[in-house]
Amino acid sequence: MPLLRMRNATFVRGDCGVGPISLDLLAGDRATLVLDSSTEAAIVARLACGLVKASSGSVLIGDYDPRVQSVHCKRLAALVAHEPATLHENDFARYVKYRAALWNVEETHALRLAGSLRERLGSMHAAFAFPLIGALIGAPQLVVLDRPQAAYAADMLGLLERFALLSTHTSDADAATFAPFAQRGKLRA
Amino acid sequence: MRTRPFVAIVAARLYAELGAIEFTILAALLVGMLAPRGLAGPIAFCCLAGIAAAMAQSPGRHRDLDHCEQSAPLFGRELARAKALAPCIAAILTAIAYLGAALTRGANEIAVAAPVVLSAVVLCTLVALCAAIRRGLPRVLYLIFAIAAGAAAYSLAAIAHSLWGELLFCAVAAFFAVRQYGEALARYDPI
């Protein structure tokens with residue numbers, strides 16, 4: 001059973017529209033999608049983790065439909081937004097405790113996990129590292145990266161080895177730099 | 001609702017607005033000393049403070065908090081209750097500061113004024129929250145509703161002299177305001 005199944009999924013609000021997109025992502029799979037604009041990339045990333053609902057077509061995360069079971073979808077999929085967080089190193093413990101509380105994860109376990117992840121991402125700036133670490137606190141099965149920084153590709157991909165991974169990009173070159181494992185012919189949405 | 005995420009959201013929202021809350025409380029102390037008598041002063045000032053506290057919850061002001069809350073496995077109504085409580089606490093603290101300052105200046109009707117002002121302030125804040133997640137005309141309309149709700153509460157208490165009528169009106173209207181906010185949050189698309 002695919003972890004993420006998109007069938008002719010579209011999103012339309014006013015002038016902004018994207019799709020149709022069809023995609024199957026199994027547990028452990030990695031895929032990249034190249035979209036025409038940053039807005040489209042942001043929308044597709046949010047569609048893929050159930051933060052926004054498709055206007056037409058279908059999106060299933062696990063067995064769940066974000067239109068009616070968004071809470072279950074959000075337990076399975078985590079989004080790492082493109083925008084850096086406005087956080088500093090001394091916000092780390094507070095941020096981890098906050099995320100642990102929202103996902104109802106035991107605080108000491110979350111702090112231990114986050115600490116070990118931060119060690120592995122030692123070279124990454126806090127503004128980019130914290131959202132990624134925060135996304136993993138809830139133990140998702142699918143991680144969606146919205147236009148990730150190519151400069152941190154090795155660190156991020158190493159950290160996300162055991163997760164299903166979908167990343168959105170705005171150019172083939174960005175996607176190829178970030179995710180050389182992706183097949184070129186399947187890059188463009 | 002589960003207590004832990006509820007407390008975390010409220011605490012994070014209050015922490016993010018700590019500077020503004022401190023400033024509002026200081027202003028309330030000052031205005032409370034300058035205009036200690038009657039209901040018009042505390043209701044008008046504290047309702048405006050409540051509306052400002054509610055509008056500070058608009059999407060985009062605290063992007064990291066918005067993102068975490070939207071991504072978290074919470075129902076719209078759970079999120080709404082937690083997000084509604086933070087500005088209500090800020091507004092209630094403002095009202096307490098105002099009434100406390102008025103008390104030091106010899107205002108002796110505090111026992112009656114306190115429930116009237118607190119209920120009106122909470123109602124105004126909750127109605128204004130519905131404006132915070134909307135744009136354009138709907139936002140303006142909800143802001144007008146919020147001011148009208150404060151005026152109606154004042155009219156019931158100060159003109160119609162119906163304390164229980166005012167409390168009942170505020171309770172019923174606040175209930176519908178929270179429900180409306182929850183439904184709007186559940187339908188909200190962060191695009």
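The sequence lines fix the lettering, A, B, ..., with proteins before strands; numbering per chain opens at 1. Just so you know, these numbers use all the heavy atoms, side chains as well, and skip hydrogens, waters and symmetry mates.
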Which atoms of [X] approach chain B - backbone, side chain, both or neither, heavy atom under 4.5 Å:
X      : answer
A:E107 : both
A:V144 : neither
A:C16  : side chain
A:A135 : neither

With a 4.5 Å cut-off on heavy-atom pairs, point out which of A:F11, A:F130, A:Y98 contacts chain B the most.
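Going by pairs under 4.5 Å, I would pick A:Y98.
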
Taking every non-hydrogen pair under 4.5 Å, which of B:G76, B:A8, B:S71 racks up the most with chain A?
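Looking at each of B:G76, B:A8, B:S71 in turn, B:S71 comes out on top.
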
Restricting to pairs with a member in residues 136-147 of chain A, which pass side-chain hydrogen bond (donor to acceptor under 3.5 Å, both in side chains), not counting sequence neighbours?
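Those involving residues 136-147 of chain A are A:R46-A:D146, A:D146-A:T168.
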
Sorted by first residue and then second, give each side-chain hydrogen bond (donor to acceptor under 3.5 Å, both in side chains) pair with at least one member in residues 124-140 of chain B; sequence neighbours left out.
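Qualifying pairs, neighbours excluded: B:S58-B:R139.
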
So, A:D24 and A:R7, do they make that salt bridge, N to O below 4.0 Å?
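Counted as a salt bridge, because a side-chain N and a carboxylate O are separated by less than 4.0 Å.
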
Does the distance from a Lys or Arg side-chain N to an Asp or Glu carboxylate O, for A:D91 and A:R94, drop under 4.0 Å?
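Salt bridge between A:D91 and A:R94, a charged N being under 4.0 Å from a carboxylate O: yes.
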
Answer with yes or no whether the side chains of [Y] and [X] bring together a donor and an acceptor at under 3.5 Å.
X     : Y      : answer
B:Q57 : B:Y181 : no
A:T10 : A:S56  : yes
A:R99 : A:Y95  : yes

What parts of residues 74-88 of chain A touch chain B if we use heavy atoms and a cut-off under 4.5 Å?
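Listed by number, the contacting residues are A:K74, A:R75, A:L79, A:A81, A:E83, A:P84, A:A85, A:T86, A:L87.
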
Would B:R77 and B:F75 count as a cation-pi pair here, with the cationic atom under 6.0 angstrom from the ring centre and within 45° of the axis?
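Cation-pi check for B:R77 and B:F75: passes.
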
Residues two or more places apart in sequence or in another chain: which of them pass salt bridge (Lys or Arg N to Asp or Glu O under 4.0 Å) with B:R37?
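So B:R37 forms no salt bridge (Lys or Arg N to Asp or Glu O under 4.0 Å) with any residue.
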
